[in-house]
Amino acid sequence: MIRRTLFLITILAVGSVQAWSQVKLNTDQFNRKNEATVTSQKELVEVSWPAGNGKFANVQFDMSPANPLFKRIALGTKSDPKTVSEDLDAAFLLTVGKRDLLSQNGWNIFFDKVPSRPFETYPIKLKKTNIAVKSVGSRTVVTIGSLSADRFSGVLEVTFYNGSPLFNIAAVMSTKAEAAAIVYDAGLISQTEKWKNLSWTNTAEQIESIPVHYGDSAKNLALKYRTIAAQTTGGTLAVFPAPHQYFYPLDEAFNLKFIWHGKGYRKMLDGYGIGIRQELEGDQRFVPWFNAPPGTQQRLNFFCLLDNAGGKEAINAVKKFTNADKYVKLPGFKTMSSHFHNEFIMNVVLAGKPVPEKPEFVEVFKRLGVDMVHLGEFHYTAHPKGPDSLRLRELKALFEQCERLSDHEFLLMPGEEPNEFFGGHWMQIFPKPVYWIMSRKKETPYVEDKPGFGKVYHIGDKNEMLKLLQDEQGLAWTAHARTKGSVNTPDIYNHEPFFKSDRFMGAAWKAMPADLSQPRLGNRVLDLLDDMNNWGEKKTVIAEADLFTVTQENEMYAHMNVNYLMLDQLPKFNEGWQPVVDAMQRGKFFATTGEVLMHELKVNGKLSGDSLALNADGTADLRLKLSWTFPMNFVEVISGDGEKVYRERMDLTNTRAFGEQQLQFRPKLKGRKWMRVEAWDSAANGAFSQTFYLK
């Protein structure tokens, strides 16, 4: 493997000393009525904003090239702000490699191994040439100077959120280079020795705190909640990434030590710091990094949260943004997550190993707040085509363990990724245990009774596969559509009877590929949902995790997502889970990363999956009860006329953190055949509905 890394000292402020007259404060787009204030004196610019609970936060920027950028960061009352941290610089390391745009499907590629080809790491350098402050809804955005790193250039953006002691620091970078794939490390460097203690939550869910020794070399940490906090006498500053956007797509959720602290990080940062990091080689399998197409504005960002208490309190405050990495319960809904190749049956049960009473993977799902899990067992590990004796033994073990591990609060549903007959990769679910074998000889009947098993199906082609789905009321759908092993699907079979059948549900959504310029995740499949709607097919898209190992130590939440199905009760295993299959097929659910929830969504009184008539003027009355943790960015109504896709966006940048609101819109839908709704927050977390069909 060829690797080249530049070992340089990062100095965020570069160039010769400049007079203040060369640095201008631009407040032309700042709204002085939005509760934040901006003051300036010589080289110093201070932003103050309401931080909630009667407190105010302020950050003082030092525009002198010789001094740290963040002279003072404080939180307290208006008359008595407490200094939480001071004399800090934001630091970013940008690693640039080459995307394989030829061998598979361009920017949608997952099976790429970027770190196996030459790459370089560059410290991003800041020139403090100018500063501008503008208002965006209830937010205040400070833009500073110019940034450069190799063929990338841009600006530094710091965003403050009214109503919360939360702010975001972003290097917004662009390149003209073709086929760039990137990752970044980031953090804050202390230029004076004011931090006293560091705190984090270890993988056993325990808070750890250590004194700061400014001479200690940098270390990487495996921890929970992706957060590290630095404490002073005045309070605590916590640093953490966007909970989902920061993690480039993998099909393992290994905890790759995403936090760092110490001196001389990667031998490229000058001074002692704390921050977030990427493992360049990922899980050493397929490692695609992030897309950085030419001309896109890549937001290399991280969040900071202030607290006047200690590290534990600050970390607990950060945890609230992801509901402590748990999917909260909503009345009238049950949570369901899909596509896990945990291989518990082949690796444990049938491998002769001790079978634990409470397997770790089940306990992990329960802690995440997942009510129902749909498995993808036997993924290249078993005998899907027989011989019958082995295949039936494997299925029997799967069904028995799913029944044993299900209870009144948790349903474990058997499922597979068969990848036979239809083309590409696809998933399958039946509403009850079904014995079937993925091969059939001429002399073997399609279905027969076998002692100890009952009905056993033998499937020989796509027509028989469709018949099985119809006979047993199962569903199939394209896994990781338009990427991985489904590069050309479902597009290449969208004319086939099996695809047009109501037994072929549609596709599954995961945030791959990843592009840090996008305000939403997973455009690949959201675009596919629009295409399927314009094809005239009534299809749905569920969120999928597509992960192999499930452990407590893993960084599960960052790679997870969930579906909220409209169910009042959790089905019992021995009674079957037909209501789950029906909700999936009929579009009675929304999918989410977890931070944004659609408590209720009705269009002219109808639910997703329903057909409705528009108002006489071509509009519709849309009612959406939404809740969120991070401040929201926007809600978007997406619609189509059978050919084109239309978007109508409702700006929500006036929202604050931890909100709930009943929203009402009247989107213009004349001439449209379908519509759906998405909602996205300021950390690119989001939720999307299924389709409404317009008469």
Side-chain angles (χ1 to χ4, degrees), residues 326-340 342 344-345 348-349 355-378 392-416 427-436 449 452-457 468-477 502-503 505 508 540 542-545 550 560-591 607 609:
K326 190 171 185 176
Y327 303 109
V328 300
K329 293 189 179 300
L330 285 186
F333 292 89
K334 297 296 178 185
T335 54
M336 188 273 283
S337 196
S338 176
H339 200 154
F340 296 94
N342 197 49
F344 179 68
I345 302 303
V348 178
V349 178
V355 179
E357 180 182 353
K358 295 182 178 181
E360 182 181 17
F361 77 97
V362 173
E363 297 305 301
V364 169
F365 286 130
K366 288 182 176 181
R367 281 193 290 268
L368 284 165
V370 180
D371 299 318
M372 302 173 287
V373 170
H374 171 239
L375 296 174
E377 290 285 280
F378 310 141
L392 296 178
R393 176 172 174 256
E394 291 160 0
L395 285 174
K396 186 177 179 64
L398 173 62
F399 300 153
E400 289 175 346
Q401 289 299 318
C402 285
E403 182 172 15
R404 180 181 75 86
L405 297 170
S406 298
D407 55 38
H408 68 284
E409 294 182 339
F410 181 73
L411 176 62
L412 189 61
M413 297 176 290
E416 296 181 75
M427 294 290 290
Q428 151 276 326
I429 190 172
F430 291 110
K432 62 182 181 181
V434 173
Y435 288 97
W436 64 294
D449 285 315
F453 302 101
K455 279 186 181 180
V456 175
Y457 294 89
L468 171 60
L469 293 170
Q470 292 169 333
D471 289 347
E472 294 291 348
Q473 287 299 290
L475 289 179
W477 61 92
D502 65 355
R503 296 299 93 200
M505 186 191 72
T540 62
I542 66 165
E544 67 175 352
V550 180
M560 282 282 288
N561 46 51
V562 79
N563 305 281
Y564 277 79
L565 274 57
M566 298 177 195
L567 298 176
D568 290 321
Q569 294 183 332
L570 188 70
K572 297 178 181 178
F573 186 94
N574 59 7
E575 295 177 359
W577 43 96
Q578 188 71 54
V580 175
V581 176
D582 289 345
M584 293 167 62
Q585 192 267 333
R586 296 172 184 171
K588 304 304 181 192
F589 66 96
F590 69 89
L607 299 172

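Below, each value reflects all heavy atoms present in this structure, side chains not excepted, and no hydrogens, waters or symmetry copies. Values in this document were obtained by computation on a predicted structure and should not be read as measured data.
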Got a second to check how far [X]'s [atom1] is from [Y]'s [atom2], nearest 0.5 Å?
{"X": "Ile429", "Y": "Trp477", "atom1": "CD1", "atom2": "CH2", "result": "5.0 Å"}
{"X": "Leu375", "Y": "Gln401", "atom1": "CG", "atom2": "CD", "result": "11.0 Å"}
{"X": "Met413", "Y": "Met336", "atom1": "CE", "atom2": "CE", "result": "5.5 Å"}
{"X": "Arg586", "Y": "Asp502", "atom1": "CZ", "atom2": "CG", "result": "9.5 Å"}
{"X": "Leu405", "Y": "Leu411", "atom1": "CG", "atom2": "CG", "result": "11.0 Å"}
{"X": "Phe344", "Y": "Leu398", "atom1": "CZ", "atom2": "CG", "result": "10.5 Å"}

Can you name the nearest heavy-atom pair linking [X] to [Y], along with the distance?
{"X": "His408", "Y": "Leu570", "answer": "O-CD2, 3.7 Å"}
{"X": "Phe589", "Y": "Ala583", "answer": "CD2-O, 3.4 Å"}
{"X": "Gln470", "Y": "Gln473", "answer": "O-NE2, 3.1 Å"}
{"X": "Leu607", "Y": "Met566", "answer": "CD1-SD, 4.1 Å"}
{"X": "Ala543", "Y": "Ser338", "answer": "O-CB, 4.2 Å"}
{"X": "Ser337", "Y": "Met560", "answer": "OG-CE, 3.6 Å"}

Any side-chain to backbone donor/acceptor pair from [X] onto [Y]? Under 3.5 Å, distance only.
{"X": "Asn561", "Y": "Glu544", "answer": "yes"}
{"X": "Arg503", "Y": "Gly474", "answer": "yes"}
{"X": "Trp577", "Y": "Met372", "answer": "no"}
{"X": "Glu377", "Y": "Ile345", "answer": "yes"}
{"X": "Asn563", "Y": "Ile542", "answer": "no"}
{"X": "Gln428", "Y": "Glu416", "answer": "yes"}
{"X": "Arg367", "Y": "Lys326", "answer": "no"}
{"X": "Thr335", "Y": "Gly369", "answer": "yes"}

Legend entry - From CA spacing to verdict: salt bridge (charged side-chain N to carboxylate O under 4.0 Å, His left out), Asp407, Lys366: CA-CA 11 Å; Asp407 55 38; Lys366 288 182 176 181; 3.0 Å; yes
Please state whether the rings of Phe361 and Phe365 are parallel, tilted or perpendicular, taking 30° and 60° as the class boundaries.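 Aromatic pair Phe361/Phe365 classed perpendicular.
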Query raised in the report: Can Leu475 and Leu469 be said to form a side chain to side chain contact (heavy atoms under 4.5 Å, CB included), step by step?
Result: CA-CA 6 Å; Leu475 289 179; Leu469 293 170; 5.8 Å; no
Decide, yes or no, whether a salt bridge links [X] with [Y] under the criterion of side-chain N to carboxylate O below 4.0 Å.
{"X": "Lys432", "Y": "Glu472", "answer": "yes"}
{"X": "Arg404", "Y": "Glu400", "answer": "no"}
{"X": "Lys329", "Y": "Asp371", "answer": "yes"}

Sorted by chain and residue number, the side chain to side chain donor-acceptor pair (under 3.5 Å) partners of Gln585 (sequence neighbours excluded) come out as none
So [Y] and [X], do their side chains get closer than 4.5 Å, heavy atoms only?
{"X": "Met505", "Y": "Met427", "answer": "no"}
{"X": "Phe430", "Y": "Pro414", "answer": "no"}
{"X": "Val580", "Y": "Leu567", "answer": "yes"}

The ring pair (Phe, Tyr, Trp, His ring centres under 6.0 Å) partners of Phe333 (sequence neighbours excluded) come to Phe590
Checklist line | Stepwise side chain to side chain contact (heavy atoms under 4.5 Å, CB included) check, Leu395 with Phe378 | finding: CA-CA 9 Å; Leu395 285 174; Phe378 310 141; 3.9 Å; yes
task: Verify whether the ring centers belonging to Tyr327 and Tyr564 lie closer than 6.0 Å.
output: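 Between Tyr327 and Tyr564, the centre distance exceeds or equals 6.0 Å.
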With side chain to side chain contact (heavy atoms under 4.5 Å, CB included) as the test, would you mind laying out the steps for Lys396 and Tyr435 before giving the verdict?
CA-CA 8 Å; Lys396 186 177 179 64; Tyr435 288 97; 3.5 Å; yes
